[in-house]
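Scroll down for the structure; my scribbles are underneath it.
All figures in this text were calculated on a predicted structure; none of them were measured in a lab. Below, read A as the first sequence line, B as the second, and so on, with proteins coming before strands; counting in each chain starts at 1.
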Amino acid sequence: MRSRTHKPGTFAARELRNSFWAVVSSLAWGLSIALSSAGLANVQEPKLLLVILVLLINLGIGIAAMMVHIHWLKNVDEMIRKIWLESMAMTFGVLWIVLGSLLVLARADLIDIDHEEIGLLFVLAAAGFATGGFRTLKY
Amino acid sequence: MKNRLKVLRAERNWTQADLAAELEVSRQTVNAIEKGKFDPSLPLAFKIAKLFGLSIENIFQEDGE
């Protein structure tokens, strides 16, 4: 039997292509949020239409990224899917814990929550997700 | 769960990548199954058994057996 791991049409080739688009869509989503936030921050008194446009772009790219990730998860094999689903669950849990803690601290007037703290949640989510996914490298 | 996957693969001179391609799973999954770190689902176990022309219980055994 000869190795056919990355030839077109094989499982490995499909997995590689799907993973590539999952990463690209994640980066596009992150980049669109970062650019639109930076753009709005530099506009004097942003108009409502501009804000709605930014929100629609975020919604559109966000939904596309979700669809790409669902497609990707459906097409990886069962062990990889299990690892990434656990990674998603961990990310979700970490976000709830951090968000809950921030809200408690803010309610106790110990901190002020502004857009920078909320922005950090995105970074935390991405880091948590990636860390969970590193388990695939164990094998 | 123990299994004879590594032995059966070696008997046929297949690499983990070869077996992974046949089973339509990743090489990491084949490695994890061989090391007993991951137990395959029933459909994948049937696929493995069919590929080697054996029954599932001839390939996979419970740890105590």
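Cluster membership check: B:Phe60 does not share its hydrophobic cluster with B:Val7, using side-chain heavy-atom separations under 4.5 Å among Ile, Leu, Val, Met, Phe, Trp and Tyr. Cluster annotation: A:Leu103 and A:Leu124 are assigned to the same hydrophobic cluster (Ile/Leu/Val/Met/Phe/Trp/Tyr, side-chain heavy-atom contacts under 4.5 Å, transitive).
For the atom pair OG of B:Ser41 and NZ of A:Lys82, the computed distance is 12.5 Å after rounding to the nearest 0.5 Å.
The greatest number of non-hydrogen atom pairs below 4.5 Å with chain A, out of B:Ile33, B:Leu44, B:Asp39, is found for B:Leu44.
For A:Asp112, the CG atom sits in a loose shell: 12 or fewer heavy atoms of surrounding residues, nucleotides or ligands are nearer than 6.0 Å. Other residues, nucleotides and ligands contribute at most 12 non-hydrogen atoms within 6.0 Å of the CG atom of A:Leu49. Counting non-hydrogen atoms of other residues, nucleotides and ligands closer than 6.0 Å to NZ of B:Lys6 gives a total of 12 or fewer. Within 6.0 Å of CE in A:Met67 there are 12 or fewer heavy atoms belonging to other residues, nucleotides or ligands.
Here the closest heavy-atom approach between residue A:Asp77 and residue B:Glu24 is recorded as CB-O, 4.5 Å. Residues A:Met79 and B:Ala32 share a closest heavy-atom pair of SD-CB, 3.3 Å.
Both the backbone and the side chain of B:Pro40 come within contact range of chain A, each with at least one heavy atom under 4.5 Å from a heavy atom of that chain. In this structure, chain B has a heavy atom under 4.5 Å from the side chain of A:Glu15, while its backbone stays farther away.
Listed for the B:Gln28 side chain is no donor-acceptor partner under 3.5 Å among the backbone atoms of A:Ile80.
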